[in-house]
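Report on one structure; see the data block that follows.
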Amino acid sequence: MINHQLWQLMKVNLLYANPQLTRRQREKGKSGGTLYRSLMLQYGLIGILFILIFGSTMLVANLYQNVGIFTNLLALFTVLGLGQTITALDNVFFESKDLKDYLPLPLNQWAVFIAKFSIVVLIILPMELPTWILFVMGGVHSGRFIGISILVGTFIFILFYLCLFLICSVGIFSFAQTKVYRSHQKLMTFLMTGLSMIAMFAAIFVMNTGDDSRSTNSFIIPGFAQLHQTVADPLRMESLITIAIMLVIVVILGLFMQKVLLPKVLSGENVQQVRKPKRKSHQGTGMNRQFIRYNLGLLGNPTLLMQSFSMTIFPVCIFTLIFVFQDGLNLSELTAQDAGVTFLAGIVVAIMAINQGSLAGIFISLDRQNLAFIKSLPIEFKSYLWLKFKLITCLQGAVLVVLSVGLGLLTKLAWLDILTLALGVILGNILASSYNFTRDWRLLDLTWTNATQLFNRGGGNMLIGLVTFGSIVVGASLIAAYILLVHAYAPMIINAVALIVIAIPSVAMLWHYYRYWQKVSLAL
């Protein structure tokens with residue numbers, strides 16, 4: 001009975017592990033056993049892809065002699081594993097919100113957790129397979145027989161993998177028991193998943209921008225160097241001590257999970273508790289403040305925010321990091337005569353970031369059935385929509401301005417150019433938000449069940465990719481042409497003409513959307 005229960009519970013939790021992937025497969029008409037097999041195949045393909053991408057690095061480098069390369073690769077895979085563990089634990093344990101539903105059922109409680117942890121392990125494993133190859137190749141490069149290297153590498157990989165998993169799990173479950181987490185569960189979940197995503201992006205970025213894999217001068221990371229020694233010569237006393245320490249960590253953390261953390265979850269002392277905030281009196285406050293609080297509450301879904309940021313802000317950040325750190329972008333030579341160039345660059349950056357995956361592009365639809373209720377209130381409905389537009393535009397603008405100032409500081413821009421860059425970002429944000437906010441109304445969907453439905457309206461990820469790519473090509477061309485003109489002719493005249501050229505279509509676009517909202521029918 002326990003085996004059948006465990007298998008069924010694992011299948012259920014497999015659907016929770018990656019809600020977006022599950023939904024895409026269901027939209028293709030897959031269900032039941034076909035759906036489970038398809039999901040397993042997807043994770044298998046991810047593992048193969050990681051092996052092919054990162055395995056080439058291990059083939060060209062002698063991992064026995066180049067300790068620095070070994071430790072750097074191991075550190076990168078560790079960051080990837082930790083990030084994926086946080087995301088998987090969040091989806092399977094926190095976002096699924098199903099633990100309380102199992103308690104009254106005749107299920108073995110430990111089977112519930114074994115099933116969940118098994119799925120988490122399955123999700124992490126594809127990203128950690130390169131670590132297994134790293135350990136095996138480290139032994140092979142030392143001259144050891146390949147069969148022995150596989151056995152030693154597999155044993156050390158399992159120990160390392162268990163340590164990584166247990167450290168992350170204990171940390172998250174311990175944090176989930178704190179008052180801060182329970183009081184601000186959505187915020188804390190968003191921060192955890194956001195930080196994990198940033199860490200994974202950073203790890204891949206460092207992998208692509210690091211020193212040549214054949215270099216022998218890579219920095220040796222303490223701690224991971226002991227693992228290299230264990231892989232290279234597992235019978236040395238230092239290696240045996242390292243293995244013993246890892247075994248002790250696994251035992252202690254495993255017992256702590258079993259004896260302390262999981263019983264609290266089983267008894268109901270878990271993150272699924274819903275905080276009941278005290279109602280505060282807001283006498284004297286206007287209806288607008290009530291609507292602002294309500295609309296900010298619509299953005300309290302961590303999964304929604306991460307999906308939106310991953311399609312808007314994160315790509316811009318990654319491109320910026322590549323240009324700054326890999327290509328050594330330094331704009332300190334730009335002067336006041338280039339202020340118009342940075343202004344145009346700010347517009348381009350904002351248009352790249354604020355696409356159909358932005359919050360402005362889904363903000364009306366987030367109201368769902370509440371929109372009909374709000375429309376029935378004795379208020380002007382257009383004023384409510386105008387309030388929503390101002391709120392989301394200001395929120396997005398604040399984030400983009402902070403990023404633009406950070407970009408300016410990283411590239412050593414003059415303060416005047418940083419100012420014009422920020423002003424360009426503000427204008428670009430208003431223009432792009434106007435388009436996407438109006439688009440959301442034209443494609444209004446108040447019956448959605450998953451935020452992915454909103455992002456995929458009118459073209460989906462393909463359209464987002466094409467718009468982003470087109471913005472990069474057109475924007476880069478315009479900026480390059482502007483720079484050539486400024487340095488070839490009188491800067492004052494060129495900047496004045498450019499300002500007029502930018503102002504005319506911007507004003508025309510804003511006037512167009514103003515007229516649209518004046519005439520549009522607001523019937524739902």
Side-chain angles (χ1 to χ4, degrees), residues 17 40-89 117-169 199-200 203-204 206-207 210 213 218 220-221 223-235 239-240 242-247 249-250 253-254:
M40 293 290 291
L41 178 62
Q42 292 288 328
Y43 293 121
L45 291 176
I46 292 174
I48 294 173
L49 183 63
F50 263 72
I51 290 174
L52 293 177
I53 292 175
F54 297 112
S56 58
T57 302
M58 305 172 200
L59 294 178
V60 298
N62 188 320
L63 298 176
Y64 175 69
Q65 295 180 351
N66 301 330
V67 183
I69 294 176
F70 180 95
T71 59
N72 278 275
L73 288 173
L74 183 56
L76 292 174
F77 297 137
T78 300
V79 172
L80 288 172
L82 288 173
Q84 188 65 12
T85 301
I86 292 173
T87 302
L89 287 172
F117 280 121
S118 298
I119 293 302
V120 173
V121 169
L122 173 67
I123 302 306
I124 308 169
L125 187 59
M127 285 192 173
E128 288 303 298
L129 284 178
T131 306
W132 173 67
I133 297 179
L134 185 69
F135 288 149
V136 173
M137 294 305 297
V140 172
H141 290 160
S142 69
R144 191 185 308 118
F145 175 62
I146 187 170
I148 302 298
S149 297
I150 292 175
L151 290 176
V152 173
T154 301
F155 174 71
I156 298 174
F157 168 73
I158 292 174
L159 270 182
F160 176 77
Y161 184 75
L162 286 173
C163 287
L164 176 67
F165 176 75
L166 287 172
I167 289 172
C168 191
S169 300
M200 287 191 288
I204 296 174
V206 173
M207 169 70 78
S213 59
S218 299
I220 297 176
I221 301 176
F224 291 143
Q226 282 67 36
L227 282 172
H228 175 270
Q229 186 181 67
T230 303
V231 169
D233 191 357
L235 297 180
S239 301
L240 295 176
T242 300
I243 293 174
I245 292 173
M246 295 173 69
L247 286 171
I249 291 174
V250 169
L253 294 182

Exercise. Within a reach of under 6.0 Å around CD1 of I146, are more than 12 heavy atoms found that belong to other residues, nucleotides or ligands?
Worked result: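 No - once you tally the heavy atoms of other residues, nucleotides and ligands closer than 6.0 Å, there are 12 at most.
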Problem set entry | Partners passing side chain to side chain contact (heavy atoms under 4.5 Å, CB included) against L159 (at least two apart in sequence or in another chain) |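 Counting only residues at least two positions away or on another chain, L159 forms a side chain to side chain contact (heavy atoms under 4.5 Å, CB included) with F155, I243, M246, L247, V250.
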For this session: Could you tell me which residues satisfy side chain to side chain contact (heavy atoms under 4.5 Å, CB included) with I249, sequence neighbours excluded, listed by chain and number?
Result: C163, I245, L253
For this session: Answer yes or no: is there a donor N or O on one side and an acceptor on the other, between the side chain of Y161 and the main chain of V121, under 3.5 Å?
Result: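 At least one qualifying donor-acceptor pair exists.
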Exercise. Counting only N and O atoms by type, is there a donor-acceptor contact under 3.5 Å from the side chain of S239 to the main-chain atoms of L235?
Worked result: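 No, the answer is negative, given that no donor and acceptor are paired below the 3.5 Å cut-off.
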List the atom of [X], the atom of [Y], and the distance in Å for their closest heavy-atom pair.
{"X": "G139", "Y": "S149", "value": "C-OG, 3.3 Å"}
{"X": "L240", "Y": "P234", "value": "CD2-O, 3.5 Å"}
{"X": "F117", "Y": "S169", "value": "CE2-OG, 4.3 Å"}

For the [atom1] atom of [X] and the [atom2] atom of [Y], what is their distance to the nearest 0.5 Å?
{"X": "I156", "Y": "L134", "atom1": "CD1", "atom2": "CG", "result": "10.5 Å"}
{"X": "T78", "Y": "L73", "atom1": "OG1", "atom2": "CG", "result": "10.5 Å"}
{"X": "F77", "Y": "L164", "atom1": "CZ", "atom2": "CG", "result": "13.0 Å"}
{"X": "T242", "Y": "F160", "atom1": "OG1", "atom2": "CZ", "result": "13.0 Å"}
{"X": "L227", "Y": "F157", "atom1": "CG", "atom2": "CZ", "result": "12.5 Å"}
{"X": "L162", "Y": "I167", "atom1": "CG", "atom2": "CD1", "result": "10.5 Å"}

For this session: Would you mind reporting whether L74 and H228 have side-chain heavy atoms less than 4.5 Å apart?
Result: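 No - every pair of side-chain heavy atoms lies 4.5 Å or more apart.
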